[in-house]
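Okay, so here's the structure we're looking at.
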Amino acid sequence: MKLRDVPSACPRLWRSLRVPPAELRLDLVLSSGQTFRWWESSPGAWTGVLEGRVWTLRQERDRLWYTVYEEEEEDGDACPEKDGDGCPTGAAEPDSAEMERILRDYFQLDVGLPALYRAWGAADPRFRKVAKDFPGVRVLRQDPVECLLSFICTSNNHISRITAMIERLCCAFGRRLCHLNARPIHAFPSLSALTGADAEARLRALGFGYRAKFVSGSARAIAEGLGAEGLCQLRAAPYAEARRVLCTLPGVGTKVADCVCLMALDKAEAVPVDTHVWRIAQQRYGAVLGGRSLTPRAHQEIGDFFRGLWGPHAGWAQAVLFCADLRKGQEPRSRGRAKGCRGQDSHRDGAP
DNA sequence: ACAATACCTCGTGT
DNA sequence: AACACGAGGTATT
C-alpha cells in the first residue's frame, strides 16, 4: 500500500475533526517521548499504529485530518482496484464515527488545555514563560500494556535507542498489519506473544540487554495475574493503588509506574520523576527535596511539590515542560544538553 | 532510610 | 583504533 501524505491526493480516504491549535500540537505530542510508535512519514504527516489500525494524521489550522489504512490479506499482494485518481477503492471505508471516537479518546480531547495552561501559568510564572512557546502539549491516553512494556525499556536508556528497540519488538512479536511503501507495519505485541519460554532470549537477541528479563517477566506476570483487562481496570483505582500494583512488576520502579499511571491509567496527578525532572526541581525551582540521590522519598517529595504547585493535573503540566526542554536542547547547536539528545529525529521515510 | 553498584547496548567523545 | 562514559532506572546489597 502507498503511504498517504496529504488529504488532497485522495480526499475520499480522509476525514477530519475540529481541533484548535491551542488544544493540540500534533508534532510536539507525538515526538516528545510519550509514545514511541509514531513517525513523521513526510513533513507534517504522522504515521503510526493505534487500536490495531495503521493511521496517518495531519494537522492543518483548526482541523486534525486522519486516514486509516485497510488491513492486508496474508499473502495476496493487496492490489485493490484503482479509481481515476489512482486512489484505492473497494476496501470498506472505516466507520468515521468510530475513528473519531478513537482519536478523541487517545488525545483526550475532552480535556480543555487552554484553561489548564492558564491555571498552571497563574500558579507558576516559570511555567508561563516556558509554555508560551509550546502550546498544545497534552498527555496521550495510551494502551496500558503497550505503555507499561515500552516504559520498562526506558530505564538507563535514551530515546533514540528506545524507539529502535520498540520497533524491533513489534516487528518480532507483533501481528503484521500491512505494508506501507513496502515497509511492514506491525501491531504492538499482545501479552501472550511475549509469554513464551524463549521470549527473554529473543529479546536479548534484539538488543534489549537486561531489560529482556523485565519485559518478558512483566508480560508473564500480567498475563498470569491481572490480565490485560485487570491492568486496564486500574484506570478506576486510586493513584496510590495503581502505583503500588505496578511497582510489584519486574523492571517497574517508581518512575516507570508513574509514567504508566499518567499516560495510560488516567492518573493526571502522577508526576514521573526522573533525573531530568529532579534536576529541574532543584535548579529551576530551588526546591530542597530529598537528599543527594533519587530515593523513593525524594520521588514522593518532588511529586508532592509539583502537585502542590500545579494542582490535580500536575503530570500534564510536567509533560509541557519536559517537551519544551527536549526541544530547547535540540535547537541551539552551541551548548547545553550536548550528548545524545537529538531524541527522535528518526527520519524513517517510506521506502528504502 | 540512604548510598553504592551492577546491569545490556550503543552513540559519542578522547 | 581502542576505551571510557553515560543515557528518561531498577534491583540488590
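Computed from a predicted model, the values in this text were never measured in an experiment.
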In whole Å, I'd like the distance from the CD atom of Glu301(A) to the P atom of dA1(B).
12 Å
Asp274(A) CG to dG6(C) P: how many Å, rounded?
17 Å
Rounded to whole angstroms, how far apart are CG on Leu294(A) and P on dA1(B)?
17 Å
Using the six-membered ring of Trp39(A), assess whether NZ or CZ of Arg183(A) lies under 6.0 Å from its centre and within 45 degrees of the ring axis.
yes
Would you measure the distance from the P atom in dA1(B) across to the matching atom in dG9(C) and give it in whole Å?
23 Å
To the nearest Å, give me how far apart CZ (Phe208(A)) and P (dG9(C)) are.
17 Å
Would you mind classifying the nucleic acid contact of Ile280(A) as base, sugar-phosphate or nothing, using non-hydrogen atoms under 4.0 angstrom?
nothing
Please confirm whether Arg202(A) makes a cation-pi placement over Phe173(A), using NZ or CZ under 6.0 Å from the six-membered ring centre and within 45° of the ring normal.
yes
Considering only atom C1', compute the distance from dG8(C) to dC2(B) and round it to an integer number of Å.
23 Å
Plane angle bin for Tyr106(A) and Trp38(A) - parallel if under 30°, tilted between 30 and 60°, otherwise perpendicular:
tilted
Which part of the nucleic acid does Pro250(A) contact within heavy-atom distance under 4.0 Å: base, sugar-phosphate only, or nothing?
sugar-phosphate
With sequence neighbours left out, write down each residue that passes side chain to side chain donor-acceptor pair (under 3.5 Å) with Trp310(A), or none if nothing qualifies.
Asp124(A)
Under 4.0 Å, heavy atoms only, any strand: does Arg297(A) hit a base, just the sugar-phosphate, or nothing?
sugar-phosphate
Between Arg204(A) and dC8(B), does any side-chain N or O lie under 4.0 Å from OP1 or OP2?
yes
Span that lies between the P atom of dT13(C) and that of dC8(B), in whole angstrom:
14 Å
Go through it in stages, so that I can follow the logic: the residues are Ser31(A) and Arg327(A), the test is side-chain hydrogen bond (donor to acceptor under 3.5 Å, both in side chains), and I'd like the CA-CA distance, side-chain angles, deciding distance and then a yes or no.
CA-CA 10 Å; Ser31(A) 74; Arg327(A) 307 291 283 213; 3.1 Å; yes
note: Glu167(A), atom CD; dC10(B), atom P; distance rounded to Å ~ 16 Å
Name the pairs: protein N/O against N/O of nucleotides 4-6 of chain B, kept only if under 3.5 Å.
none

On a whole-Å scale, what distance lies between the P atoms belonging to dA11(C) and dC10(B)?
23 Å
With Ser216(A) via side-chain contact (heavy atoms from CB on, under 4.5 Å) - residues at least two apart
Ala199(A), Glu200(A), Leu203(A)
When the C1' atoms of dA6(B) and dA7(C) are compared, how many Å lie between them, rounded to an integer?
16 Å
With a 4.0 Å cut-off on heavy atoms, is Val277(A) in touch with a base, just the backbone sugar-phosphate, or nothing at all?
nothing
Does the Cys10(A) SG fall under 2.5 Å from that of Cys87(A)?
yes
Measure from the ring center of Phe134(A) to the ring center of Tyr117(A) and say whether it is less than 6.0 Å.
no
Please report the closest heavy-atom contact between Tyr69(A) and Lys2(A), naming both atoms and the distance.
CE2-O, 3.5 Å
Dot-bracket notation for DNA chain C, counting Watson-Crick and G-U pairs under 3.5 Å, with | for partners on another strand
.|||.||.|||||
From CG of Leu148(A) over to C1' of dG9(C), roughly how many Å is that when rounded to an integer?
14 Å
Under 6.0 Å between the ring centres of Phe208(A) and Phe214(A)?
no
Produce the list of close N/O pairs, under 3.5 Å, pairing protein atoms with atoms of nucleotides 3-5 of chain C; give distances to one decimal.
none

When all nucleic acid strands are considered with a 4.0 Å heavy-atom cut-off, which category describes Gly209(A): base, sugar-phosphate, or nothing?
base
Among residues 210-222 of chain A, which residues get a heavy atom nearer than 4.0 Å to DNA chain B?
Tyr210(A), Arg211(A)
Taking dA4(B) as the reference, what is the distance to dG6(C) when you measure between their P atoms (whole Å, please)?
15 Å
Distance test, side-chain N/O of Thr295(A) to OP1/OP2 of dA1(B), below 4.0 Å
no
